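Here the structure comes first, spelled out in structure tokens, and everything after it is commentary.
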Amino acid sequence: MKTKSLFSLLAAAILFGSCSKSESSGGESTDGGSKYIVAVTPIASTGVADYLVTANSLDEGTVSILGNGIEQDGTYRYYLTTNNKFFSFLYGQGNPGAVTAYNLTEGKLKKLTNFQSETVAAFAAVKEDVLMTKMSRNLAAPTHTWYRVNTNSLSIVGEGSLNALELANNGEIGYFSWLTQVGNKVYAPFFCIQGSSFTTAYPNKAWVAVFSYPEMKLEKVFTDERTSYVGQYFTNGLGTVENGDIYAFSAANATSKVGDVTKITSTNPPAILRIASGTTEFDKNYFFNVAEISGGYNIVNWTYVGGNNFIVSSKKKQSDGTYSATTTIAAVNVVDKTFKIVSGLPKADEVKSFTQRNNYSKKDGKTGYIGVNLTSGESYVYKIDASAATATKGLKVEGGTITAIEHLD
């Protein structure tokens, strides 16, 4: 591990600035200042900025971005709530991105800071920090860079780099799908790539790297060959349940170059693995074959709702070995090994998209909320009961496409 001096990246590094005036969203809270935050991309045009609007309830009512909300600087935004602050990340697609932090003041979103960074493709709350990583796709320059931003001081407190070829030691770059705090360590599932094409010669293996924190020193990499890589690009494949066990999903959709064609070459099934509490190994006594139980579906994203239950986004495998473009929402219990398709959602041909990241759950063991964007142009938040595998229409969002649902006190 090679550590760089703080702020050594100069203009390309993270530079903080404070806003000259407060930017707030309208509306007062009815529960002591707590608000739901809904991120919305306007549907009237393309390449426009996302808006943040707040609501007192996700179960009913209507909110609109028209003449309302906070306009952000750019689209392709991703979100994180930690330490009672809401962070908005702009994915710069190779260019410098931006990170904006907010809190709630008298029921309104207030901008605390705004800063630029290199585009990061994985980030997570770790203790009182936000850990962010910029990753290389270049075999000739295989350096991943990480940054630690303290959520109290809103300042950089550390940065460093690592050689991505050393993660799997197979000649390919280890590319983190996400980062997760586990105790006083960071677990980083990764997949292997041969470069910017994201193809691999190793489509049937899962990897998780274990780092010390805050030093981010690589301590161990553990693997499994019963499925494929954990998570997805820009997607957290790990979920920690109440007893401390960690579950890891694999969509089993790694791709390789076959002649002139790039195709899915994972032959292992989509599955869920387990990492028993306090261990740094996959549990060889646990294997949840998702494809077998579900009748051919995989998992491409999930939201933990408590009680060993996850709300998952799934795709159905087709006869040519690819996965359908249609997303199916299902409820999964990782202990009982059940997969139930959720009823009560609009028909597939009526759905333009579901929110995939930043869905919200209060972790009561059954309840989660997802955004459902319809081909008609309407958008709603749906309440999912994972125990019953049912959905109920809730908050209507006018003027755009829902991209995230968060909660802030």
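Small disclaimer: the values here were computed from a predicted structure and weren't measured. Keep in mind that the numbers below use all heavy atoms, side chains included, and drop hydrogens, waters and symmetry copies.
Using a distance-only test at 3.5 Å, with no hydrogens or angles considered, no donor-acceptor pair links the side chain of T255 to the main chain of T262. A donor-acceptor pair under 3.5 Å links the side-chain atoms of N298 to the main chain of A251, judged by distance alone. No donor-acceptor pair closer than 3.5 Å links the side chain of N83 to the backbone N or O of K85. A donor-acceptor pair is defined here as one N or O able to donate and one able to accept, closer than 3.5 Å; such a pair exists between the side chain of K315 and the backbone of A325. Looking at D336, its side chain never comes within 3.5 Å of a backbone N or O of T338 through a donor-acceptor pair. D59 places no side-chain N or O within donor-acceptor distance of the main-chain N or O of G394, the cut-off being under 3.5 Å. No donor-acceptor pair closer than 3.5 Å links the side chain of S314 to the backbone N or O of I299. Between the side chain of T133 and the main chain of A122, a donor-acceptor pair closer than 3.5 Å is present. With hydrogens and angles disregarded, a donor-acceptor distance shorter than 3.5 Å links the side chain of S256 to the backbone of T200. Looking at S250, its side chain never comes within 3.5 Å of a backbone N or O of V230 through a donor-acceptor pair.
Among residues at least two apart or in separate chains, salt bridge (charged side-chain N to carboxylate O under 4.0 Å, His left out) pairs with a member in residues 222-234 are K205-E225, D224-R226, D224-K284. Within the structure, side chain to side chain donor-acceptor pair (under 3.5 Å) pairs that include any residue of residues 339-348 do not occur (at least two apart or interchain). Applying the salt bridge (charged side-chain N to carboxylate O under 4.0 Å, His left out) definition to pairs two or more places apart or across chains, those involving residues 168-192 are K185-E219. Every pair tested for salt bridge (charged side-chain N to carboxylate O under 4.0 Å, His left out) that includes a residue from residues 233-250 fails, sequence neighbours excluded, so the list is empty.
Under the ring pair (Phe, Tyr, Trp, His ring centres under 6.0 Å) criterion, F191 pairs with Y175, F198, Y229, sequence neighbours left out. Take R357 and apply the salt bridge (Lys or Arg N to Asp or Glu O under 4.0 Å) test, not counting sequence neighbours, and it matches no residue. When the ring pair (Phe, Tyr, Trp, His ring centres under 6.0 Å) test is applied to Y369, no partner is found at least two apart in sequence or on another chain. E60 meets the salt bridge (Lys or Arg N to Asp or Glu O under 4.0 Å) test with no other residue; sequence neighbours excluded. Considering only residues two or more places apart in sequence or on other chains, F123 meets the ring pair (Phe, Tyr, Trp, His ring centres under 6.0 Å) condition with F89, W178. For S313, the side-chain contact (heavy atoms from CB on, under 4.5 Å) criterion is met by V300, N301, T327, I329, Q356, not counting sequence neighbours. Judged as a ring pair (Phe, Tyr, Trp, His ring centres under 6.0 Å), and not counting sequence neighbours, Y380 has no contacts.
A donor-acceptor pair shorter than 3.5 Å cannot be found between the side chains of S64 and N68. For the residue pair D385 / S387, a side-chain donor-acceptor distance below 3.5 Å is found, with atom types taken as modelled. For the residue pair Q318 and S324, no side-chain donor N or O sits within less than 3.5 Å of a side-chain acceptor on the partner. Side-chain contact, S34 with H407: a donor N or O sits under 3.5 Å from an acceptor N or O. A donor atom on one side chain and an acceptor atom on the other are not found under 3.5 Å apart for T401 and N373. Defined by atom type and a distance below 3.5 Å, a donor-acceptor pair is missing between the side-chain atoms of E350 and S376. Judged purely by distance below 3.5 Å, without hydrogens or angles, the side chains of T151 and E128 never pair a donor atom with an acceptor atom.
Ionic pairing of D50 and R77 is not present here: no N-O contact between side-chain nitrogen and carboxylate oxygen is shorter than 4.0 angstrom. Contact check on E378 versus K396 returns a salt bridge, with a Lys/Arg side-chain nitrogen under 4.0 Å from an Asp/Glu carboxylate oxygen.
Rounding to the nearest 0.5 Å gives a distance of 12.5 Å between CD1 of I173 and CD of E166. Note that the OG atom of S196 and the CG atom of N138 stand 8.5 Å from one another [nearest 0.5 Å]. Annotation: the span from T227 atom OG1 to I272 atom CD1 amounts to 10.0 Å, rounded to 0.5 Å. The distance from the CG atom of L154 to the CZ atom of F87 is 5.5 Å, given to the nearest 0.5 Å. Rounded to the nearest 0.5 Å, atoms CG (L179) and CZ (F190) are 12.5 Å apart. The CD1 atom of I402 lies 10.5 Å from the OH atom of Y382; values are rounded to the nearest 0.5 Å.
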Output a table of donor-acceptor pairs, distance under 3.5 Å, between side-chain atoms of residues 273-282 and any protein atom two or more places apart or on a different chain; print 'none' if there are none.
residue : atom : partner : partner atom : Å
R274    : NE   : D283    : OD2          : 3.2
R274    : NH1  : Y247    : OH           : 3.4
R274    : NH2  : D283    : OD2          : 3.0
T279    : OG1  : A276    : N            : 3.4
T279    : OG1  : A276    : O            : 2.6
T280    : OG1  : K220    : NZ           : 3.0
E281    : OE2  : K220    : NZ           : 2.7

Q. side-chain contact (heavy atoms from CB on, under 4.5 Å) between I246 and T180: does it pass, once the steps are laid out?
A. CA-CA 10 Å; I246 301 165; T180 299; over 6 Å; no
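Exactly one of T367, N333, T303 qualifies for a side chain to side chain donor-acceptor pair (under 3.5 Å) with N309. That residue is N333.
Remark: K337 qualifies as a cation-pi partner of Y286 under the 6.0 Å distance and 45° angle criteria applied to the six-membered ring.
Counting heavy-atom neighbours within 6.0 Å of K352 NZ, excluding the residue itself, gives a total of 12 or less.
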